[in-house]
Amino acid sequence: MKLLTLSLLAASPAAARSYLSWMADSWILNNGEHEGPYWYGRATVYEGYEAAYSLYGNETLLDWYHSQIDDLVAPDGSIVDFNETYYSLDDYRIGNNFLYWYERIGVEKYRLAADRIRAMLDRHPRTPTGGFWHRDPTYENQMWLDGIFMADVFYAKWTALFDAQNVTAWEDIVLQWDKIEAVTRDEPTGLLVHGFDESKTAVWADPVDGASPLVWNRAVGWYFVSLIEVLDVYPKHLDGYQRLLSYYKTLARSLLHAQDPKVHGWKLILSKGYVNRKGNYFESSAAAMFTYGWLAGLRRGYIDERTYGRPAARAYNHLIDDFVTKHQNGTLTWEGTVQVGSLNSDASFEYYTGIPVVPNDTRGVGPFLLASYEWELRRKRS
Ligand SMILES: *[C@@H]1O[C@H](CO)[C@@H](O)[C@H](O)[C@H]1NC(C)=O
Ligand SMILES: *[C@@H]1O[C@H](CO)[C@@H](O)[C@H](O)[C@H]1NC(C)=O
Ligand SMILES: *[C@@H]1O[C@H](CO)[C@@H](O)[C@H](O)[C@H]1NC(C)=O
Ligand SMILES: *[C@@H]1O[C@H](CO)[C@@H](O)[C@H](O)[C@H]1NC(C)=O
Ligand SMILES: *[C@@H]1O[C@H](CO)[C@@H](O)[C@H](O)[C@H]1NC(C)=O
């Protein structure tokens, strides 16, 4: 197995240069950022820079990241142009980056900004059984896989830093994952459908459990990453930890079955009977998140090298071979990311596959940086 891994590495273009620093440099040079300030995609790209800095200690990268985030937070901790009575889980993701800067440099305004987002969670509307609505208005009583990544990881990180002994908080946190698992786990594939409506009134809601109909790969990607992130901070002695770990392992295994045996990637819609339908295609953001989730789980010992080492290496090569464009000027572009996917739709195959595929998308670039970070650590170990 060791030999096999090594030969795959040698054959890989990734052996030549770190795509982590290359893509991070390219993103700055090509000025890829053109989305609103609190957009969760930017938060995800910044997480990639956190990873790059932790590995290389390149102050230029860190300074760039700081310059991007510093203006978002006023000296009193208020967040510029941020509506604190607009309850949308997507907007909470940036709280993780505020916590990073608070921990990194100890500047109080970042903690105050994170506290403001944490306070919004206390006011955020919930379903009758305690799940955070994806958004108020529009997505009343709905929980999406995406929201777990956007808000509940932040809830967990904030609690680990400032309220770690509060068992009530930890139980409230794991409840969000439990609720998602209870309804959205898709029997035939072991993957998860996009979300559910506890009131069962959405046009797409299953009349019995409220589940949406299809497995949309990006939502599963956010969710897979959320499991890695929450396991890093969830107290191991509490019951919830073992459940989270089992959710991770079950999903890791199901992704193995869903990985295409030739391309080594994943189609946009992964529901049984849909994978080979006309219009379905290999999408890049979820592929990066699945690759990251496997590599991160391997390094942490959640899954074993024998089963996952080779599929993960092949998935990483798929990212490089199929989604990274090298320009003549030496910069890279990340390609092939689906722009959005929303349950503000009929959630049909035609809806999801009709959304444009775009280059330079934060929601692909960020996960690719993270996958490349894990890849570099793996190269160092071998
Ligand atoms: C640090 O990052 C900058 C900006 O991306 C890049 O130009 C430079 O080559 C990097 N330095 C090192 C030593 O990697
Ligand atoms: C590099 O080339 C690409 C493709 O032509 C272009 O879009 C990009 O702006 C260039 N970047 C720089 C820094 O010149
Ligand atoms: C976005 O992608 C296109 C197509 O690959 C590329 O030409 C362009 O340089 C990219 N722009 C940025 C800002 O990276
Ligand atoms: C903030 O969001 C709430 C809820 O959507 C809305 O009623 C209010 O007008 C918004 N405030 C501003 C200043 O946009
Ligand atoms: C513990 O956490 C819960 C849920 O987040 C919160 O409502 C409660 O105020 C916290 N208790 C203390 C003592 O801070």
Side-chain angles (χ1 to χ4, degrees), residues 16-34 42 45-69 87 89 92 95 99 111 114-127 129-133 147-148 151-179 230 233-235 238-240 323-337 358-362 364-366 368-369 372-373 375-377 379-380:
R17 179 174 174 187
S18 156
Y19 280 85
L20 174 58
S21 57
W22 197 350
M23 186 60 86
D25 293 348
S26 299
W27 186 252
I28 295 174
L29 284 169
N30 289 340
N31 189 22
E33 212 155 295
H34 35 65
R42 276 179 66 176
V45 167
Y46 296 156
E47 193 182 344
Y49 281 82
E50 292 166 10
Y53 180 74
S54 78
L55 197 58
Y56 300 119
N58 182 334
E59 297 297 334
T60 312
L61 293 183
L62 194 71
D63 289 348
W64 175 81
Y65 173 20
H66 195 208
S67 73
Q68 298 300 103
I69 202 145
Y87 299 104
L89 297 185
Y92 301 172
L99 290 177
R111 178 186 175 160
D115 286 353
R116 283 170 186 262
I117 296 179
R118 173 64 189 82
M120 289 173 78
L121 281 173
D122 286 337
R123 305 190 301 268
H124 196 101
R126 294 179 183 239
T127 70
T129 60
F132 290 118
W133 291 9
I148 301 288
D152 300 307
V153 168
F154 166 74
Y155 190 1
K157 285 190 181 170
W158 189 94
T159 300
L161 280 173
F162 305 122
D163 201 14
Q165 306 306 318
N166 186 338
V167 174
T168 311
W170 288 117
E171 286 174 352
D172 188 33
I173 289 164
V174 75
L175 174 74
Q176 307 303 315
W177 273 267
D178 290 340
K179 291 186 58 55
V230 73
V233 296
Y234 203 92
L238 298 180
D239 290 348
F323 300 125
V324 175
T325 302
K326 297 178 181 103
H327 299 299
Q328 284 198 326
N329 58 28
T331 64
L332 302 178
T333 294
W334 178 256
E335 314 267 359
T337 297
V358 293
N360 319 309
D361 193 290
T362 50
V365 172
F368 177 66
L369 293 172
S372 299
Y373 165 74
W375 184 258
E376 289 306 313
L377 290 178
R379 282 209 307 180
K380 282 188 169 186

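Remember, it's 1-based here, ligands and their atoms both numbered in the order they're listed. Residue numbers run from 1 in the order of the sequence given.
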Between ligand 2 and H327, is the shortest N or O to N or O distance under 3.5 Å?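 No, there is no polar N/O contact under 3.5 Å.
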If you define the side chain from C-beta out and look only at heavy atoms, does anything of V324 sit under 4.5 Å from W22?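 Side chain of V324 against side chain of W22, heavy atoms only: no contact under 4.5 Å found.
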Within the structure provided, determine whether K157 and V153 are in side-chain contact (heavy-atom separation under 4.5 Å).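 Yes. Closest side-chain heavy atoms under 4.5 Å.
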Got a donor-acceptor contact below 3.5 angstrom from the Y92 side chain to the G147 backbone?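 Judged by distance alone, no pair lies under 3.5 Å.
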Hey, is CG on N329 packed in by over 12 heavy atoms from elsewhere, all under 6.0 Å?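 More than 12 within 6.0 Å, yes.
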Residues, nucleotides or ligands: over 12 heavy atoms within 6.0 Å of Q165 CD: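 Result for CD/Q165: open.
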Test ring pair (Phe, Tyr, Trp, His ring centres under 6.0 Å) on Y19 and W375 and set out the steps. CA-CA 9 Å; Y19 280 85; W375 184 258; 10.0 Å; no
Measure the acute angle between the ring planes of F132 and H124, then classify it against the limits of 30° and 60° as parallel, tilted or perpendicular.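 The rings of F132 and H124 stand perpendicular, inter-plane angle above 60°.
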Could you tell me whether some N/O pair between D25 and ligand 1 is separated by less than 3.5 angstrom?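 So ligand 1 has an N or O lying under 3.5 Å from an N or O of D25.
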Show me the short polar-atom pairs for ligand 5: any N or O of it lying under 3.5 Å from a protein N or O, with distances only.
residue	atom	partner	partner atom	Å
ligand 5	2 (O)	N166	OD1	3.3
ligand 5	2 (O)	N166	ND2	2.4
ligand 5	5 (O)	R118	NH2	3.0
ligand 5	5 (O)	Y155	OH	2.8
ligand 5	11 (N)	N166	ND2	2.9

Show the atoms of ligand 2 that are less than 4.0 angstrom away from any heavy atom in T331.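 Counting atoms of ligand 2 from 1, those under 4.0 Å from T331 are 1 (C).
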Under 4.0 Å to a heavy atom of N30 - the qualifying atoms of ligand 2, by number: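 Counting atoms of ligand 2 from 1, those under 4.0 Å from N30 are 8 (C), 9 (O), 10 (C), 11 (N), 12 (C), 13 (C).
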Qualifying salt bridge (charged side-chain N to carboxylate O under 4.0 Å, His left out) pairs, either residue in residues 163-176, two or more places apart: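 Listed by first then second residue: R126-D172.
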